[in-house]
Participant: 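Got a structure here, written out as structure tokens. Questions coming.
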Amino acid sequence: MGRYNNFTHVAYKYDSQTKLYSCYLEEEPHAVRESGEQIKTSNVIVIYAKQLLIPGDKAGRINID
């Protein structure tokens with residue numbers, strides 16, 4: 001499960017029969033708004049980056065290196 005911030009949780013679950021990853025948002029299937037079809041992909045790329053709070057920023061925003 002990935003975490004973009006403190007309130008968004010995303011996960012991809014692999015289906016060996018279709019050989020696709022299905023996307024989940026907050027543990028529910030994440031779907032395309034217009035069609036209602038669950039988002040699926042054949043590849044998932046994970047990128048790690050250093051995150052630091054912006055000094056003095058009262059909104060709690062971060063810099064990503």
Side-chain angles (χ1 to χ4, degrees):
M1 181 173 294
R3 181 177 272 199
Y4 293 121
N5 49 46
N6 288 333
F7 52 87
T8 303
H9 301 95
V10 177
Y12 288 89
K13 296 180 184 174
Y14 186 69
D15 181 336
S16 60
Q17 291 182 357
T18 64
K19 297 184 180 175
L20 294 172
Y21 293 90
S22 298
C23 184
Y24 291 81
L25 179 63
E26 305 302 341
E27 300 183 19
E28 296 292 329
H30 191 158
V32 176
R33 184 176 296 151
E34 291 82 8
S35 68
E37 184 177 340
Q38 185 174 15
I39 296 170
K40 297 182 181 187
T41 185
S42 58
N43 294 299
V44 176
I45 298 172
V46 178
I47 299 173
Y48 293 94
K50 183 189 264 187
Q51 301 176 24
L52 300 170
L53 288 174
I54 298 172
D57 183 69
K58 295 181 182 180
R61 290 176 282 218
I62 58 173
N63 275 329
I64 300 175
D65 242 353

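We use all heavy atoms of the structure for the numbers below, so side chains are in, but hydrogens, waters and symmetry mates are not. Just so it is clear, the model here is predicted, and its values are computed rather than measured. FYI, the numbering just counts along the sequence from 1.
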Participant: Mind checking side-chain hydrogen bond (donor to acceptor under 3.5 Å, both in side chains) for Asp57 and listing every partner two or more places apart, or none if nothing turns up?
Facilitator: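 So Asp57 forms a side-chain hydrogen bond (donor to acceptor under 3.5 Å, both in side chains) with Arg61.
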Participant: Determine whether Tyr14 and Tyr12 fall in the same hydrophobic cluster, where Ile, Leu, Val, Met, Phe, Trp and Tyr are linked whenever their side-chain heavy atoms lie under 4.5 Å apart.
Facilitator: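 Looking at the clustering, Tyr12 is in the same group as Tyr14.
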Participant: Starting from Ile39, walk the hydrophobic network (Ile, Leu, Val, Met, Phe, Trp, Tyr; side-chain heavy atoms closer than 4.5 Å) and list everyone else you reach, by chain and number.
Facilitator: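 Direct or chained contacts put Ile39 with Val32.
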Participant: Roughly how far, to the nearest 0.5 Å, is CD of Glu28 from CD of Gln38?
Facilitator: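 Those atoms lie 10.0 Å apart.
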Participant: If hydrophobic clusters are built by linking Ile, Leu, Val, Met, Phe, Trp and Tyr wherever their side-chain heavy atoms come under 4.5 Å apart, do Ile54 and Ile64 end up in the same one?
Facilitator: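 Unlinked, Ile54 and Ile64 end up in two clusters.
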Participant: Hydrophobic clusters join Ile, Leu, Val, Met, Phe, Trp and Tyr when side-chain heavy atoms are under 4.5 Å apart, directly or via other members; which others share one with Leu20?
Facilitator: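 Answer for Leu20: none, a lone residue.
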Participant: List the atom of Cys23, the atom of Val10, and the distance in Å for their closest heavy-atom pair.
Facilitator: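 Smallest interatomic distance, heavy atoms only, reads SG-CG1, 4.0 Å.
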Participant: Any idea which heavy atoms bring Ala31 and Gly36 closest together, and the distance?
Facilitator: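 Reported closest heavy-atom pair: CB-O, 3.5 Å.
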Participant: Which heavy atom of Val44 sits nearest to which heavy atom of Tyr21, and what is that distance?
Facilitator: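 So the two residues come closest at CG2-CG, 3.7 Å.
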Participant: Could you check if a side-chain atom of Pro29 sits within less than 4.5 angstrom of a side-chain atom of Tyr24, using non-hydrogen atoms only?
Facilitator: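 Yes. Closest side-chain heavy atoms under 4.5 Å.
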